[in-house]
Structures are given as C-alpha cells and as structure tokens.
Amino acid sequence: MTSYSDRLKTFPIGEFSRRILNWYENNKRPLPWREDKDPYRIWVSEIMLQQTQVDTVKPYFENFMNKFPTPEALAEAEEAQVMKAWEGLGYYSRARNLQSAVKEVVQDYGGEIPKSPENFASLKGVGPYTKGAVMSIAYDLEEPAVDGNVMRVLARVLLIGDDIGKQRTRRQVEDDVRMLMAGTSPADFNQALMELGALVCTPKNPDCDACPVKNTCRAYQRSMVHALPVKAKKKKQQRRTMAAVVIENEKGEILVEQRPDKGLLAGMWQFPMVEATPDLQQVALNDYLKEAHQVDVELTETEQRFDHVFSHLIWDIHVFRGTAHVQAASPNGKWLTKTEAKQLAFSVSHQKIWEEQL
DNA sequence: TAGCCGTGGAA
DNA sequence: TTTCCAAGGCT
C-alpha cells in the first residue's frame with residue numbers, strides 16, 4: 001500500500017497547484033462570506049457550513065450577520081435569540097458552542113479572533129477543519145482545511161484507497177495538503193480544493209472533462225474516478241413512534257415544553273411529546289401529561305402524521321389535540337399565547353405541527 | 001473508535 | 001423510494 005509520505009514523491013505538485021489556483025480564480029462563486037476577509041464573518045460561515053449545503057446557509061448567514069454583526073453583539077445576545085436565528089439549520093450545538101466561543105474571544109482576546117491556530121482551535125466547536133479554514137482564509141496562514149470535498153478530490157487525484165471516514169486518513173490527507181500548498185496562497189489553495197470538489201469533482205457524475213487537473217489525476221488516468229473515495233457504509237436509522245399533542249386552554253393559550261439541555265434537539269421547544277407504541281399512544285400521552293404537566297385532557301387524534309428524519313434515527317410523529325379546562329401549573333412547561341410561543345426556537349418537525357394545527 | 005447530533009437537496 | 005451526503009465536532 002502506498003503511504004501518505006510516498007504519494008507525493010512522483011506527483012507534479014507545481015503543475016497541480018498552478019492549474020487548480022488558476023481555475024479557482026476564474027470559477028469561484030460569489031458568496032456572502034467571500035465579500036471580505038473579516039475573520040468573524042468567515043468563522044460564522046464555516047460553522048454554518050458544517051454538514052450543510054451552501055444554498056441552505058446563505059439566507060441564515062445574512063440574517064445572522066444582520067442580527068449579530070460583531071463578536072461583541074453575539075457575545076451579548078440572549079441565547080434564546082441566537083437559537084431562534086438558528087432555527088431550522090440543525091445541529092443546534094453549533095449555535096451554542098459558537099456563542100460560547102465568541103464570549104471567550106471577547107473576554108480573553110479583546111474581541112479579536114485569535115491569529116494563532118492553537119488558540120483558535122481551543123475554542124468550542126472549532127475542530128481540525130474549522131481551524132484550518134478560518135486561519136487560512138482569514139489570515140492566510142499555511143494550515144490545511146480538509147473537509148469532505150478535499151478528501152474526495154485528493155482521494156481521486158492521489159489514488160487513496162483508505163476509508164475517508166477514518167480520522168487517520170484525514171490526518172494523512174492534511175499532511176498531503178501541507179506539502180501541496182507550500183509556497184501558494186493558503187487561502188486560495190484551500191478554497192480552490194473545496195470549490196473543485198463542490199462544482200466539478202462531485203460525489204456522483206463528476207465532470208472530468210471540465211476538470212483543470214485531470215492530467216495529474218491518478219484515478220482519471222486509471223478510469224477509477226467512480227470507485228473513489230472509499231467510505232464505509234453507515235447503518236440504517238432506527239424508527240421510533242412518537243405522540244405529540246397541541247393543547248389549548250380556555251384562554252387560548254397553548255402548552256409548550258423545553259427539551260433537556262443535552263442530547264437530541266437540546267434546549268429546543270416543542271409541543272408535549274412522548275415515545276409510545278402505536279396502539280398505546282393515547283395512554284402514554286395521558287400518563288405523560290399528568291406526570292410532567294399536571295394536566296388531564298381528552299385527546300383526539302388528528303390526521304397529521306409525518307417522519308422527522310435525523311442522521312441516526314427516525315421519529316414517526318402522530319399529532320393529537322386536546323383542550324384543557326383547568327389551567328394547571330406546569331413545572332416542565334409553559335402556557336403561552338401564540339405570539340409568545342412564536343418567539344421560541346422550534347425544530348423543523350414542530351414548525352410543521354405549528355403550521356398545520358394553529 | 002464509533003455513535004450521537006438536523007435538515008434538505010440530488011439522483 | 002431510497003440512499004447518499006453536504007465547507008464536521010463532540011464524547
């Protein structure tokens with residue numbers, strides 16, 4: 001097997017760098033976070049772009065930067081407002097970690113994003129990729145930024161057959177990138193690799209005819225592009241049946257509850273919900289409402305039913321309705337007017353319930 | 001290490 | 001419909 005240190009021995013590094021940089025200069029997309037080199041804007045964009053497509057991020061980024069234009073503004077904001085701005089983007093710990101990290105930057109670094117990769121990487125939510133991306137793009141430091149695009153591009157160009165899901169493979173590719181980027185602009189080189197992966201060297205049906213580095217691509221030379229990168233299959237998601245309920249009291253208020261501050265959809269608001277086998281949903285829901293919210297309601301099942309798909313499990317959510325005749329105290333939840341409830345951050349599945357039932 | 005952590009787009 | 005996976009990080 002070819003080791004990472006051997007891969008580059010006979011590789012035309014200069015030609016590769018020259019070609020991909022030239023291509024990037026002529027083909028890069030105009031993106032909101034490319035308008036300047038503000039380290040804060042680039043940082044926010046990189047967090048949003050984690051496992052999230054560019055087109056999805058754009059409107060969130062614009063809105064987020066309008067509301068929290070500086071590190072100080074984000075540091076001082078209410079967490080609930082930050083979560084509301086993140087509503088629908090997913091991976092909500094990103095938002096909490098980002099605000100926590102920005103607070104640290106304001107307190108310990110005077111609001112200046114650290115120019116030291118080690119210091120920046122110590123912040124919450126900043127891993128190997130984000131460290132390299134922000135340090136190289138904002139400060140032009142010679143740091144690799146290896147994401148899924150870069151793994152795929154280099155797996156093909158350098159004919160790497162290792163599982164790209166393994167951490168060891170990513171570290172080896174980082175070493176490769178350090179060699180390849182030497183003497184170039186790290187900001188442009190990293191973005192060029194990612195842009196090529198996003199626009200040309202795509203997972204399916206890559207456009208090799210249009211590729212600026214096909215001459216140097218070992219997979220292309222061997223007609224192996226379709227077989228790379230190698231990635232272990234992930235196991236199927238587990239299905240769970242959930243019962244959610246919209247309860248309204250005589251004042252027109254509705255009952256909402258906040259999820260625990262750790263785990264799935266941490267801290268997000270939802271209509272009261274429990275896991276229950278399909279034939280025991282009403283029983284489970286009644287028990288739960290009595291115990292958690294001290295409410296005793298007559299339940300009606302609605303027609304609404306849908307899947308909420310996560311990366312590792314699927315909720316099959318059945319929606320019920322109920323009317324509360326007595327307004328009981330609810331330690332784990334809140335009775336809110338519809339206007340008040342709209343200020344809270346809900347997950348996408350509960351936004352669907354909201355739209356359908358209210 | 002591998003499982004947990006959201007959502008949507010594309011084929 | 002199903003599957004993959006997207007500018008990943010945490011534990």
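Per chain, numbering begins at 1; letters A, B, ... match sequence-line order.
Annotation: proximity of residues 78-96 of chain A to DNA chain B (heavy atom, distance under 4.0 Å) is found for Gly88(A), Leu89(A), Gly90(A), Tyr91(A), Tyr92(A), numbered in ascending order. Near DNA chain B, meaning a heavy atom under 4.0 Å from it, residues 36-56 of chain A has Gln51(A), Thr52(A), Gln53(A) in order of number.
Within the 4.0 angstrom heavy-atom criterion, no nucleotide atom of any strand lies near Val150(A). Leu193(A) comes within 4.0 angstrom of nothing in the nucleic acid, heavy atoms only. Heavy atoms of Lys234(A) sit under 4.0 angstrom from at least one base atom. Using a 4.0 Å heavy-atom cutoff across all strands shown, Gly197(A) reaches no nucleic acid atom at all.
Between dG3(B) and dA7(C), the two C1' atoms lie 23 Å apart (nearest whole Å). Distance noted for atom P between dT11(C) and dG6(B): 13 Å (whole Å).
Of the candidate nucleotides dA7(C), dT7(B), dA11(B), dA11(B) has the atom lying nearest to any side-chain atom of Asn205(A).
Contact check, Arg152(A) against dA6(C): a side-chain N or O comes under 4.0 Å of OP1 or OP2. Residue Lys166(A) places at least one side-chain N or O under 4.0 Å from the OP1 or OP2 atom of dA2(B). A close approach under 4.0 Å does not occur between any side-chain nitrogen or oxygen of Ser311(A) and OP1 or OP2 of dC5(C). Using a 4.0 Å cut-off, no side-chain N or O of His312(A) falls inside it from OP1 or OP2 of dC4(B).
Between Phe310(A) and His308(A), the distance from one ring center to the other falls under 6.0 angstrom.
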Problem - Residues Val150(A), Tyr129(A); criterion side chain to side chain contact (heavy atoms under 4.5 Å, CB included); working and verdict - result: CA-CA 10 Å; Val150(A) 176; Tyr129(A) 165 74; over 6 Å; no
